[in-house]
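Shown next, in structure tokens, is the structure this report addresses.
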Amino acid sequence: MATLQLGILVSGSGTNLQTILDATADGRLDARVRIVISNRPDAAAIGRASRAGIASRVISHKAFDGRRSFELALVHALREAGAEWIVLAGFMRVLTPAFLDAFPMRVINIHPALLPSFPGMDAQGQALASGVRVAGCTVHLVDSGTDTGPIIAQSVVPVLQNDTRDSLAARILQREHQLLFEVLRWISQDRLTVYAATNQQRARVQLDDVNPWFGLDPMP
Ligand code: GRF
């Protein structure tokens, strides 16, 4: 199996990025991070990439006339760096087909909710406000909707009586790190098959010989 060639898009603190950097550095993940790109110059994630000796760039959406030219600049930089799979690790921009068509079914996102519930911004706050008893995170393939693409795997955490938005977000974030690592490992092991949409069924992902309800006890 070929080493995964990753391009990682970030906007913020980059703890999910750090998980990937650590796992590639110590050999738990057969992947190479070719480039980290942030749309925000002040993202702490950029410092994480530099400390790990990984190439990074800031490509600010504000420097472009519109979405399309911003996204084409991202595509250019990712291709130039040799990235084949793209990970949105806390990347806070919606991507359109201008970007997605360049890496068909090879863009994954980590979202801090059990999709299809609570897509979009402040998923953890939405979960808390709704009164759900369990929350969690989802890794999915990205399509042009907001957090609507085919689900790869999910992980559940409890919502506790005295949770605040931040305490719940911290519990979910810890699980995000584990889930993202697991999914990338499955991809690196060729365990993921994507079935395109048909008239009867939307696109879906099949996983071979893994536990896609990660974090729960194995089902009987
Ligand atoms: C994570 O909760 C991610 O799911 C969300 O933004 C947060 C980013 O965290 N989209 P980090 O930048 O990986 O630390």
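In this chain, residues are counted from 1 in sequence order. One-based numbering, in listed order, for ligands and for the atoms of each.
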Give the intermediate values and the outcome of side chain to side chain donor-acceptor pair (under 3.5 Å) for residues Thr138 and Gln154. CA-CA 4 Å; Thr138 303; Gln154 297 184 298; 2.9 Å; yes

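The contact set between ligand 1 and Gly90, taken as ligand atoms under 4.0 Å from a residue heavy atom, comprises 6 (O), 8 (C), 10 (N).
Distances from ligand 1 to the non-hydrogen atoms of Ala45 include no value under 4.0 Å.
Among protein heavy atoms, atom 12 (O) of ligand 1 sits closest to Gly14 N, 2.8 Å. Closest protein heavy atom to atom 2 (O) of ligand 1: Glu176 OE2, 2.9 Å.
The shortest N or O to N or O distance between His111 and ligand 1 is not below 3.5 Å.
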Just list the side-chain donor-acceptor pairs under 3.5 Å for residues 24-31, sequence neighbours left out, or say none.
from: Thr24; atom 1: OG1; to: Ile20; atom 2: O; distance (Å): 3.1
from: Thr24; atom 1: OG1; to: Leu21; atom 2: O; distance (Å): 2.9
from: Asp26; atom 1: OD1; to: Arg28; atom 2: N; distance (Å): 3.1
from: Asp26; atom 1: OD1; to: Arg28; atom 2: NE; distance (Å): 3.0
from: Asp26; atom 1: OD2; to: Arg28; atom 2: NE; distance (Å): 3.0
from: Asp26; atom 1: OD2; to: Arg28; atom 2: NH2; distance (Å): 3.2
from: Asp30; atom 1: OD1; to: Thr3; atom 2: OG1; distance (Å): 2.9

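Listed by chain and residue number, Arg191 satisfy the salt bridge (charged side-chain N to carboxylate O under 4.0 Å, His left out) test with Asp209 (two or more places apart in sequence, or in another chain).
Val94 and Arg67 make their closest contact through O-NH1, 3.1 Å (heavy atoms, listed as atom of the first residue, atom of the second, distance).
Below 30°, between 30° and 60°, or above 60°: for Phe64 and Phe70 the angle between ring planes is between 30° and 60°, a tilted geometry.
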